[in-house]
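Both counts, for ligands and for their atoms, begin at 1 and track the order of listing.
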Amino acid sequence: MNILLLGSGGREHAFARALSASELCSQLFIAPGNAGTLAHGKNIDLSINDFPAIGEFCVNQNIELVIVGPEEPLVKGIRNYFEADAHLKNIAFVGPDQTGAQMEGSKDWSKQFMQKYSIPTAAYATFTAENLDAGLRYIDQMQGTIVLKADGLAAGKGVLIIDDKEIAKAELQAMISELKFGSASSKVVIEEFLDGIELSVFVLSDGNGYKLLPSAKDYKRIGEGDTGLNTGGMGAVSPVPFADESFLSKVESQIVIPTIEGLKAEGITYKGFIFIGLMNVNGNPMVIEYNSRMGDPETEVVLPRIQSDLVALMLATAKGNLHETIVEIDPRAATTIMLVSEGYPGDYEKGKEITGLENVEGSFVFHAGTKLGADGQLLSNGGRVLAITSLANTLAEALAMSNKNAEKVIFSNKYYRKDIGYEF
Ligand code: AMP
Ligand code: GLY
């Protein structure tokens, strides 16, 4: 069958590789894709938010399966657009509708959902311009570190963690009154700080039941030792050593099952990925956030560990048949190290020539921000450029391989963290 994948990052390269490996895949199109996805299909110059153009492409190319990588089109209702069109509604579609995507698109919505279904999460309250004064008083009575979250999508930048009440109050005002994060911060969730170790759990939901995918840990800070600015993610490992069977069974019973049941109770037929950001607080899982998609770079360690046919899994998700499938997981450890452009997550230069990929041995290089130049040379085209993924019997071996190969890839403003997985 013909398949359309939306997105252009390392996550989408990992999807493209796994989808194209399936015997069920005749032709794979990636919109817009990157220089890496070209090896697995055809890149199409379409905007991920131009639903009419995507719909027309699907009809013209006889697309039978659509998979959405990033959150933005989901939050904007791409699934609803397909469901409302007689020519598109029968296409198998992986990604929740606009209401389901509120799991990620509105922090206030997801906090209300967690509270309603008794899913463990930090205590919180939500404020807007109408009750800003109450928000300032709420901060005054808080103990310890304060977390402020823009309600809407803010490209991973909308969370502030602040120790000082006066600074927190000034930031709350800047978020609500001055729209520090645009309209995303016209509503702000204030919550208590959770002290623990973070990890992520990934779930596939078909609207009836679910399958658990491998867990992963992402390294979000730019600097070694988890210092400096937050990024989209500088590397990841899977599985997560401290997420043992007993911890994961708590995650399943206290979080995954109530989430799936809660979505059903809300009348949401959720067909897609649920990415649950968790804090392990003294052995107990608490939800930091939901995302309505897979993570990046987590996908670059999760998908390589899934041995089952990904197209078959995606079709079962879209058709509500997940109960008939088995997700086979590779017991080996996977690691990925992200090579970024110096300056990221601030300003950085693009268009640097990348060489040395032919010297990489034993790892797979997923492209994140790359493109081909006029003469076919490989160029950097983003802050996050390449993800070097390795599979080995132990995390230490996989990390050593990713680190060794990270050295062999060359571009002039390359930076990467040499301490991914340092605590294991
Ligand atoms: P989010 O955009 O919700 O993923 O938040 C960004 C990051 O802020 C998370 O990955 C956590 O590291 C941190 N964070 C968010 N909420 C909390 C919280 N309540 N307690 C501690 N850290 C948090
Ligand atoms: N790596 C974090 C994310 O994809 O949101």
Side-chain angles (χ1 to χ4, degrees), residues 7-12 14-15 68-72 74-75 101 103-111 114 119-126 142-163 168 175 181 184-185 188-202 215-222 226-238 240 273-282 284-303 336-338 340 345 366 368 383-384 387 417 420:
S8 61
R11 168 181 53 209
E12 285 73 25
F15 267 100
V68 183
E71 62 279 13
E72 204 186 345
L74 296 169
V75 172
M103 299 272 277
E104 173 162 9
S106 168
K107 304 265 188 206
D108 177 51
W109 191 95
S110 69
K111 294 296 284 191
M114 286 184 259
I119 296 165
T121 189
Y124 84 106
T126 302
M142 284 177 82
Q143 313 277 327
T145 304
I146 296 150
V147 183
L148 303 179
K149 297 185 171 184
D151 175 61
L153 293 185
K157 297 199 173 88
V159 175
L160 302 177
I161 297 176
I162 303 169
D163 284 322
M175 288 171 88
F181 299 109
S185 70
V188 174
V189 166
I190 306 182
E191 68 179 30
E192 67 176 354
F193 181 78
L194 298 173
D195 202 3
I197 321 177
E198 257 182 276
L199 74 154
S200 299
V201 167
F202 301 91
S215 60
K217 178 165 168 40
D218 171 23
Y219 293 77
K220 286 210 171 83
R221 302 295 196 91
I222 188 70
D226 291 328
T227 54
L229 293 174
N230 252 327
T231 70
M234 296 294 292
V237 302
S238 175
V240 185
F273 293 93
I274 308 175
F275 161 171
I276 311 178
L278 296 172
M279 195 70 89
N280 176 346
V281 183
N282 300 322
N284 292 311
M286 297 185 78
V287 178
I288 297 176
E289 61 165 355
Y290 290 113
N291 293 305
S292 52
R293 53 172 173 90
M294 282 297 289
D296 192 352
E298 293 91 332
T299 305
E300 291 93 303
V301 289
V302 170
L303 286 189
T336 200
I337 294 179
M338 196 55 92
V340 308
F366 291 113
R384 295 194 292 174
R417 275 182 62 171
I420 300 303

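- Short contacts between ligand 1 and K220, defined as distances under 4.0 Å to a heavy atom of the residue, involve ligand atoms 10 (O).
- The presence of a protein heavy atom under 4.0 Å from atom 13 (C) of ligand 1 is confirmed.
- If you look at V147 next to ligand 1, the close heavy atoms, those under 4.0 Å, all belong to the side chain.
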Derivation and outcome, salt bridge (Lys or Arg N to Asp or Glu O under 4.0 Å), residues K111 and E191: CA-CA 10 Å; K111 294 296 284 191; E191 68 179 30; 2.7 Å; yes
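- Considering backbone and side-chain N/O of I288, none are found under 3.5 Å from N/O of ligand 1.
- Only one option out of M103, M294, R293 pairs with I274 in a side-chain contact (heavy atoms from CB on, under 4.5 Å); it is M103.
- Residue nearest to atom 1 (P) of ligand 1, selected from M279, E104, E289: E289 (by heavy-atom distance).
- Close contacts of ligand 1 with F193, meaning ligand atoms under 4.0 Å from a residue heavy atom, involve 20 (N), 21 (C), 22 (N).
- Among the candidates T336, D218, I222, the single residue satisfying the side-chain contact (heavy atoms from CB on, under 4.5 Å) test with M234 is I222.
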May I have a table of the N/O to N/O pairs between ligand 2 and the protein that fall below 3.5 Å, each row giving the two atom names and the distance to 0.1 Å?
from	atom 1	to	atom 2	distance (Å)
ligand 2	1 (N)	D218	OD2	2.8
ligand 2	1 (N)	G232	O	2.9
ligand 2	1 (N)	D296	O	2.9
ligand 2	1 (N)	E298	OE1	2.9
ligand 2	1 (N)	E298	OE2	3.3
ligand 2	4 (O)	R293	NH1	3.0
ligand 2	4 (O)	D296	N	2.9
ligand 2	5 (O)	R293	NH1	3.4
ligand 2	5 (O)	R293	NH2	2.9

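- Within the 4.5 Å cutoff, the side chain of I190 has no heavy atoms near those of the V147 side chain.
- Which parts of ligand 1 touch E191 is read off a 4.0 Å heavy-atom cut-off, strictly below it: atoms 16 (N), 17 (C), 18 (C), 19 (N).
- Atom CE of M114 is separated from atom OH of Y290 by 5.5 Å, given to the nearest 0.5 angstrom.
- Under the 3.5 Å distance criterion, the side-chain polar atoms of T231 are left unmatched by any main-chain donor or acceptor of R221.
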Intermediate values then yes/no, salt bridge (Lys or Arg N to Asp or Glu O under 4.0 Å), K149 and E289: CA-CA 11 Å; K149 297 185 171 184; E289 61 165 355; over 6 Å; no
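- Looking at atom 2 (O) of ligand 1, its nearest protein heavy atom turns out to be V159 CG2, 3.2 Å.
- For atom 11 (C) of ligand 1, the closest non-hydrogen atom of the protein is E198 OE1, 3.2 Å.
- Residues L74 and F273 fail the side-chain proximity criterion, which asks for heavy atoms closer than 4.5 Å.
- Contacts with ligand 1 closer than 4.0 Å are made by no heavy atom of T145, backbone or side chain.
- What you find for F366 and A14 is that their closest heavy atoms are CE2-CA, 3.5 Å.
- Of the N or O atoms in N230, none lie within a sub-3.5 Å distance of an N or O in ligand 1.
- Taking every heavy atom of both residues into account, G295 and F202 meet most closely at N-CE2, 3.8 Å.
- Closest heavy-atom contact between P297 and G232: CD-O, 4.0 Å.
- Judged by distance alone, the side chain of S238 and the main-chain N or O of S215 form a donor-acceptor pair under 3.5 Å.
- Close contacts of ligand 1 with K107, meaning ligand atoms under 4.0 Å from a residue heavy atom, involve 1 (P), 2 (O), 3 (O).
- Under 4.0 Å from ligand 1, the heavy atoms of E192 that appear belong solely to its backbone.
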